[in-house]
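A short worksheet on the structure shown next.
Every chain is numbered from 1, with letters handed out A, B, ... down the list of sequences.
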Amino acid sequence: MLELALKGSKSYWTWVVALLGVIGVGFLLYLGQLQIGLGITGMSRDVSWGFYIANFTYLVGVAAGGVMVVLPYYLHDYKAYGKVTILGEFLAIAALIMCLLFIIVDLGQPMRGLNVLLYPTTNSVLFYDALVLNGYLLINLVVGWNVLEAERNGVHYQKWLKPIIYLSIPFAVSIHTVTAFLYSGLPGRGFWLTAILAPRFLSSAFAAGPALLVLLCLFIRKTTKFDPGKEQIQSLGLTVAYAICINVFFFLCEIFVAFYSQIPEHMDHIKYLFVGLHGHNALVPFMWTSMGLMVIGIILTVNPITRKNETTLAVACALIIAGTWIDKGLGMISGGFVPNPLHEVNEYAPTLPEIGITVGVYAIGALVLTILYKMAVSVKEEVHG
Amino acid sequence: MKSSRRRFMKLAGIAALGLGAQPAIKAIAPAAGNGPQTQFSQGPNVLTARQWAMVIDTRRFKTTEDLEPMIEACHKLHNVPHFEEKNHEIKWIWETHFHNAFPDSANRFISEEAEHRPYLVLCNHCQNPPCVRACPTKATFKRDSDGVVMMDMHRCIGCRFCMAACPYGSRSFNFVEPLKGLVEKEINLKYPRRMKGVVEKCTFCVERLAEGQMPACVEASGGAIVFGDLEDPESEVRQVLRENFTIRRKQSLGTEPCVYYIV
Ligand code: SF4
Ligand code: SF4
């Protein structure tokens, strides 16, 4: 099927070459990081995880969000999604590849990465995270590829795939749950030490993933002969509406517990993010922007008039993607490290090379997604066109 | 990269020679494949305990200058690099204020004298260490024989999960080549340098314990820091704990720190 990705229009190839260029720059910067060390980033002994891990966390959510089309189709027999499940699965593959790359670029000694498997340590959440992420990647590769090939050949997919498809559903939930457990099981980090962290991660994932799918569907309809379908896009929009509402609700629960109990350890991080702490307030404008974006997103997706209009729906989805990205990508990780365990405030901001490497990883994801979607859409055009 | 490794091998070699027949230094060199089971070569006078612990009599330290000898002894001995760039900072033992060391016990009104004293902080070698729980490679582990929380710098992948897990900020990461933060002439050839990209922290001077010496900070403290076996009722540590009221950092987290403070 890969040959389908080799036939494309001029703009397709321009896009691929542009991505390769960005990847090249990112790769050079990464070589620099290998040479000099993680010192080229803005991280420190106080904020010891930064942009890489934050984007990793966000993309685990995007990957998990793909299940929002798989589940209704296979479990509830919601036929309309038959056309788009492959888009969800392929999005998950691209997101997971980015996740794994973000982990690798974040390691101080990447050549030793396999130590996680050579010395399996069952008390470490990271061990389980490596297992479920790779497992989910494998499942999506096997399922996505075989189902698409069957569709191309005009036959039903193989029987043995069914249990694997069912397995993908708990796996999708597990990747984001285990990723949340990386943070929420650490004593002394008041911001993360909350049972609602995993549910919060999942709700923002189920908003961001489908929101991205809506945009991708609209884009595919516009640029190819394959139409993912009006009903499908509307159903995704409804999923986004529910998930973003729940996400904000969970966040408010968090605020209530922290500020009604008035336990400083739990309040201080939230204060730092939203009003600043001891005069440090680098993230304050971002966090309020994020909240604003999510609230506008709620208004636009919950209101049936704006949801049914595909233009406003697209705007809403873009806002929700931006809002959840700021929330998780900027606030969630560095917010947990500030103030530090000694109650000192040392802020973090990513450096330019760090951002360059991050963009490079996103470009690899975009390239993988482009190739996979090109294949999927070509098959759909062949079959339905 | 290559040359730094060769350099390291050379230093390790010199170090091994320097220590003669019982090279305790091997303890820190590659421990192939067996993390917590690692055997450490010990000298004839090796000091042993079931759980090493430390009591710091903070009343004996009035000023920053009083703490300097201990910090310096440790950092010199262990080739802890010094960087001007704050983000790259590495420290094993350092000075802080009461409300930073004990954020949950800092009353608004406390004895002025106690408030203005400097406090030494370092890894607590917790009995229930969250850093060890978090590490995905057993590169940091609690040594069964004496409870020291150790680092295998040759296994560490630099994921920094342990840094997120430690509620005391005890761990540092080598963001850049550590040699850049060391003065060539002052490098202690008996202790290995690290490579960039790994985590490090206080080790309760295992290399000295193996040779029958007290940790460097204890030795430099002029008796203000007592070190011994927490599980031995006859030990000096236990005697000091019996006779003085002590506190520990963030005791409510259940990590069971083994560094006690007389305030
Ligand atoms: S103080 Fe921190 S680094 Fe040391 S043992 Fe306790 S948790 Fe681990
Ligand atoms: S940085 Fe090294 S010691 Fe710390 S958790 Fe990762 S592998 Fe373990």
*Select one option (side chain, backbone, both, neither) describing which atoms of Asn346(A) are under 4.5 Å from chain B's heavy atoms.*
side chain

*Counting only heavy atoms closer than 4.5 Å, note whether Ser252(B) contacts chain A via side chain, backbone, both or neither.*
neither

*Is the count of non-hydrogen atoms from other residues, nucleotides or ligands lying under 6.0 Å from Phe83(B) atom CZ greater than 12?*
yes

_Check this for me: Leu352(A), atom CG, are more than 12 non-hydrogen atoms of other residues, nucleotides or ligands nearer than 6.0 Å?_
no

*asked:* Does any backbone or side-chain atom of Pro264(A) lie under 4.5 Å from a heavy atom of chain B? Answer side chain, backbone, both or neither.
replied: neither

*asked:* Quick check for you: among Tyr348(A), Trp49(A), Tyr183(A), which has the greatest number of heavy-atom pairs under 4.5 Å with chain B?
replied: Trp49(A)

_Residue part contacting chain A, namely of Val199(B), when any heavy atom lies under 4.5 Å_ = neither

*Should Arg160(B) and Leu107(A) count as side-chain neighbours, where that means a heavy-atom distance under 4.5 Å?*
no

*Closest contact, heavy atoms only, Leu342(A) versus Gly169(B)*: CD1-CA, 4.3 Å

*Identify which part of Asn340(A) has an atom lying under 4.5 Å from any heavy atom of chain B, answering side chain, backbone, both or neither.*
neither

*Please look at Arg249(B) and chain A and tell me whether the side chain, the backbone, both or neither of the residue comes under 4.5 angstrom of a heavy atom of that chain.*
side chain

*Give, for atom NZ of Lys250(B) and atom CD of Glu265(A), the distance between the pair rounded to the nearest 0.5 Å.*
6.5 Å

*Are the side chains of Ser124(A) and Cys135(B) in touch, meaning some heavy atoms are under 4.5 Å apart?*
no

*Relative to chain A, which segment of Tyr168(B) carries a heavy atom at a distance below 4.5 Å: side chain, backbone, both, or neither?*
backbone

*What's the shortest heavy-atom distance between Cys159(B) and Asp106(A), and which atoms?*
O-OD2, 4.1 Å

*Are the side chain of Lys196(B) and the backbone of Gly39(A) linked by a donor-acceptor contact shorter than 3.5 Å?*
no

*How many angstroms lie between OG1 in Thr41(A) and CZ in Phe175(B), if you round to the nearest 0.5 Å?*
5.5 Å

*Assess whether atom CZ of Phe274(A) is packed by more than 12 heavy atoms of other residues, nucleotides or ligands within 6.0 Å.*
yes

*Considering only heavy atoms, which portion of Phe337(A) lies under 4.5 Å from any heavy atom of chain B: side chain, backbone, both, or neither?*
side chain

*Identify which part of Leu182(A) has an atom lying under 4.5 Å from any heavy atom of chain B, answering side chain, backbone, both or neither.*
both

*Nearest 0.5 Å, what's the CD1-NZ distance between Ile36(A) and Lys180(B)?*
6.5 Å

*Most chain A-contacting option - heavy-atom pairs closer than 4.5 Å, from Ser170(B), Pro167(B), Gly254(B), Ala139(B)*: Pro167(B)

*Counting heavy-atom pairs under 4.5 Å to chain A, which of Pro136(B), Pro130(B), Ala134(B) comes out on top?*
Pro136(B)

*asked:* Please check: side-chain N/O of Arg112(A) versus main-chain N/O of Ile157(B), any donor-acceptor pairing under 3.5 Å?
replied: no

_Within the supplied structure, the quantity of interest is the number of heavy atoms (other residues, nucleotides, ligands) at a distance under 6.0 Å from Glu113(B) CD; does it exceed 12?_
yes

_For Leu186(A), which atoms come within 4.5 Å of any heavy atom of chain B: side chain, backbone, both, or neither?_
side chain

*Arg45(A) NZ/CZ over Phe173(B) ring centroid, <6.0 Å and within 45° of normal*: no

*Give the member of Ala101(B), Ser172(B), Pro103(B) that has the highest number of heavy-atom pairs under 4.5 Å with chain A.*
Ser172(B)

*Find out whether Asn87(B) and Met43(A) are in side-chain contact, i.e. whether some heavy atom of one side chain is under 4.5 Å from a heavy atom of the other.*
no

_Around atom NE2 of His99(B), are there more than 12 heavy atoms from other residues, nucleotides or ligands closer than 6.0 Å?_
yes

_To the nearest 0.5 Å, what is the distance between CZ on Arg155(B) and CG on Leu118(A)?_
9.0 Å

*asked:* Tell me whether the count of non-hydrogen atoms from other residues, nucleotides or ligands lying under 6.0 Å of CD in Glu65(B) goes above 12.
replied: yes

*With rounding to the nearest 0.5 Å, note down the distance linking OG in Ser44(A) to CE in Met163(B).*
7.5 Å

*Is there side-chain contact between Phe141(B) and Thr121(A), with at least one heavy-atom pair below 4.5 Å?*
no

*Name the option with the most non-hydrogen atom pairs under 4.5 Å to chain B; the candidates are His343(A), Glu344(A), Arg189(A).*
Arg189(A)

*asked:* Within this structure, what is the CG-NE2 distance for the pair Leu38(A) and His88(B), rounded to the nearest 0.5 Å?
replied: 9.5 Å

*With a 4.5 angstrom heavy-atom cut-off, which part of Thr137(B) approaches chain A: side chain, backbone, both or neither?*
both

